[in-house]
2 protein chains.
Amino acid sequence: MTKPVTATRRQLSDPTEEGKSAADEAWAALRELLARQRRRFLATASELDLHPGQAAALVNMDPAEPRPMHELATQLACDNSNVTGIIDRLEARGLVARQTYEQDRRVRHVVLTPLGARLRGRLLAQVGSAPAGLERLSAAEQRQLRDLLRRVASS
Amino acid sequence: MTKPVTATRRQLSDPTEEGKSAADEAWAALRELLARQRRRFLATASELDLHPGQAAALVNMDPAEPRPMHELATQLACDNSNVTGIIDRLEARGLVARQTYEQDRRVRHVVLTPLGARLRGRLLAQVGSAPAGLERLSAAEQRQLRDLLRRVASS
DNA sequence: TATTGTTATACTCTATAACTATA
DNA sequence: TATAGTTATAGAGTATAACAATA
């Protein structure tokens with residue numbers, strides 16, 4: 001891998017070109033943050049030698065709780081058969097392990113190994129916490145931002 | 001395609017579990033919006049029978065201006081050879097066309113066909129404009145949100 | 001019968017490396 | 001020599017369909 005595989009869609013071609021309403025400008029700012037976060041995620045995954053799907057799977061796992069594979073499929077919004085492949089590759093690297101679930105022998109549970117939990121921790125340290133920019137706002141401004149975003153999201 | 005291939009990383013497993021600072025909560029709200037926008041993009045692409053990379057390429061093109069292929073590669077943050085394949089497939093569907101560039105005959109320009117421009121328009125209509133939630137804020141709140149986001153982004 | 005996970009198949013995206021044609 | 005684009009190759013993600021084991 002040469003380039004860190006950054007944004008799949010950095011520029012959404014600015015529909016704010018002339019309209020320039022505050023909503024459009026706010027949206028543009030949001031998309032910028034969004035793109036940056038995505039680049040951060042992909043670059044970090046690449047540094048840890050994880051493909052995006054593998055990194056997403058790790059992040060979606062609980063360090064303590066085993067998870068049924070079909071639950072992972074739901075969270076990753078992909079088919080069961082994809083999860084089989086992703087878990088195959090993670091298991092080959094010793095990051096996760098499969099367990100049979102005695103209560104329902106159709107189900108297989110996936111659990112993080114200590115190695116996998118450590119790698120997941122490194123991923124989250126890079127990608128799961130608030131970006132530095134947020135810390136520069138005052139506490140009151142952070143609350144204000146939070147409340148505004150929650151109202152936007154509450155559809 | 002059955003499922004719309006939604007979030008690659010919907011849940012970043014909340015590192016805000018206990019800390020719960022306003023910054024973390026704002027960040028969580030931001031990530032929620034981020035994930036939703038990504039789902040919107042992927043679902044729309046899927047509806048239009050475009051793979052994510054193809055949709056990203058279309059969105060990154062200008063309806064009027066031809067673009068050199070290496071410029072697309074830069075914007076998509078991928079290798080030239082990938083662009084070859086993506087443009088191959090878009091061209092096979094009559095959405096784009098290649099043109100030789102007489103000033104530098106090494107370069108090939110890609111231009112949207114009318115069909116491609118229409119499809120790009122439909123993509124952007126779904127994905128490029130501010131989400132409904134934003135419109136529910138007052139104009140003053142929209143400006144407030146814009147300013148806060150810009151400060152967060154200005155690293 | 002329905003569900004869980006696997007396998008088989010096919011297509012796309014991605015990177016690397018080698019090649020061409022131009023510069 | 002260096003750059004733009006292509007081709008060849010390989011690994012990974014994705015969907016569909018068929019299948020075995022289990023419920």
Side-chain angles (χ1 to χ4, degrees), chain A residues 1-9 42-43 45-58 60 66-93 95-110, chain B residues 1-9 42-43 45-58 60 66-93 95-110:
Chain A
M1 274 172 233
T2 38
K3 301 177 190 174
V5 183
T6 69
T8 314
R9 40 186 237 293
L42 292 172
S46 175
E47 281 163 25
L48 301 180
D49 254 308
L50 292 168
H51 285 246
Q54 296 171 353
L58 279 188
N60 273 287
R67 304 278 303 278
M69 297 190 60
H70 65 271
E71 203 175 304
L72 276 176
T74 301
Q75 281 192 342
L76 300 177
C78 70
D79 195 80
N80 279 347
S81 57
N82 303 330
V83 177
T84 296
I86 292 173
I87 296 303
D88 278 351
R89 289 178 275 269
L90 291 178
E91 194 172 29
R93 284 179 58 182
L95 299 172
V96 304
R98 279 181 241 239
Q99 300 175 338
T100 54
Y101 179 56
E102 292 300 335
Q103 283 87 330
D104 182 343
R105 297 182 56 80
R106 292 174 302 182
V107 175
R108 310 209 68 184
H109 275 181
V110 184
Chain B
M1 273 175 230
T2 39
K3 300 179 191 175
V5 184
T6 69
T8 316
R9 38 185 240 295
L42 292 171
S46 174
E47 281 164 24
L48 301 179
D49 254 309
L50 293 167
H51 284 246
Q54 297 171 353
L58 279 189
N60 273 287
R67 303 279 303 278
M69 297 190 60
H70 65 272
E71 204 175 304
L72 276 176
T74 301
Q75 282 195 342
L76 300 176
C78 69
D79 196 79
N80 280 347
S81 57
N82 303 330
V83 177
T84 296
I86 291 173
I87 297 302
D88 278 352
R89 288 177 275 271
L90 291 178
E91 196 172 26
R93 284 179 58 180
L95 299 172
V96 305
R98 278 180 242 237
Q99 299 174 338
T100 54
Y101 178 55
E102 293 300 335
Q103 282 87 328
D104 182 342
R105 297 182 55 80
R106 292 173 301 183
V107 175
R108 309 210 69 185
H109 275 181
V110 185

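Note that the structure is predicted; figures quoted are calculated from it, not measured. To find a chain, count down the sequence lines: A is the first, B the second, and so on, and within it residues start at 1.
- Atom NE2 in B:H51 sits roughly 8 Å away from atom C1' in D:dT14 (whole-Å rounding).
- In this structure, CZ of A:R106 is placed 6 Å from C1' of C:dT4, rounded to the nearest angstrom.
- Residue A:D104 is classed as a sugar-phosphate contact, given heavy-atom separations below 4.0 Å to backbone atoms only.
- Between A:L76 atom CG and C:dG5 atom P the separation is 13 Å, expressed in whole Å.
- Residue A:R67 has no polar side-chain atom (N or O) positioned under 4.0 Å from OP1 or OP2 of C:dT4.
- Evaluation of atom-type donor-acceptor distances gives no pair under 3.5 Å for the side chain of A:S81 against the base of D:dT14.
- Note on A:Q54: a side-chain N or O is less than 4.0 Å away from OP1 or OP2 of D:dG13.
- Proximity note for B:R108 (side chain, C-beta onward) versus D:dA4, C:dG5, D:dT6: the nearest is D:dT6.
- Rounded to an integer number of Å, the gap from CG of B:N80 to P of C:dT14 is 13 Å.
- The distance from the OG1 atom of B:T84 to the CG atom of B:D79 is 8.5 Å, given to the nearest 0.5 Å.
- The phosphate of C:dC13 (OP1 or OP2) has a side-chain N or O of B:R89 nearer than 4.0 angstrom.
- Residue B:T84 places at least one side-chain N or O under 4.0 Å from the OP1 or OP2 atom of D:dT6.
- Taken from CZ in B:R67 to NE2 in B:H109, the straight-line distance is 9.5 Å, to the nearest 0.5 Å.
- Phosphate proximity of C:dG5 to A:R98: absent, as no side-chain N or O sits under 4.0 Å from OP1 or OP2.
- Checking D:dA15, C:dG5, C:dC13 against every side-chain atom of A:D79, the shortest atom distance belongs to D:dA15.
- The phosphate of D:dA15 (OP1 or OP2) has a side-chain N or O of A:N82 nearer than 4.0 angstrom.
- DNA chain C is contacted by both B:G85 and B:Y101; B:G85 maps to the nucleotide lying nearer its 5′ end (nearest heavy atom per residue).
- The phosphate of D:dG5 has OP1 or OP2 within less than 4.0 Å of a side-chain N or O from B:H70.
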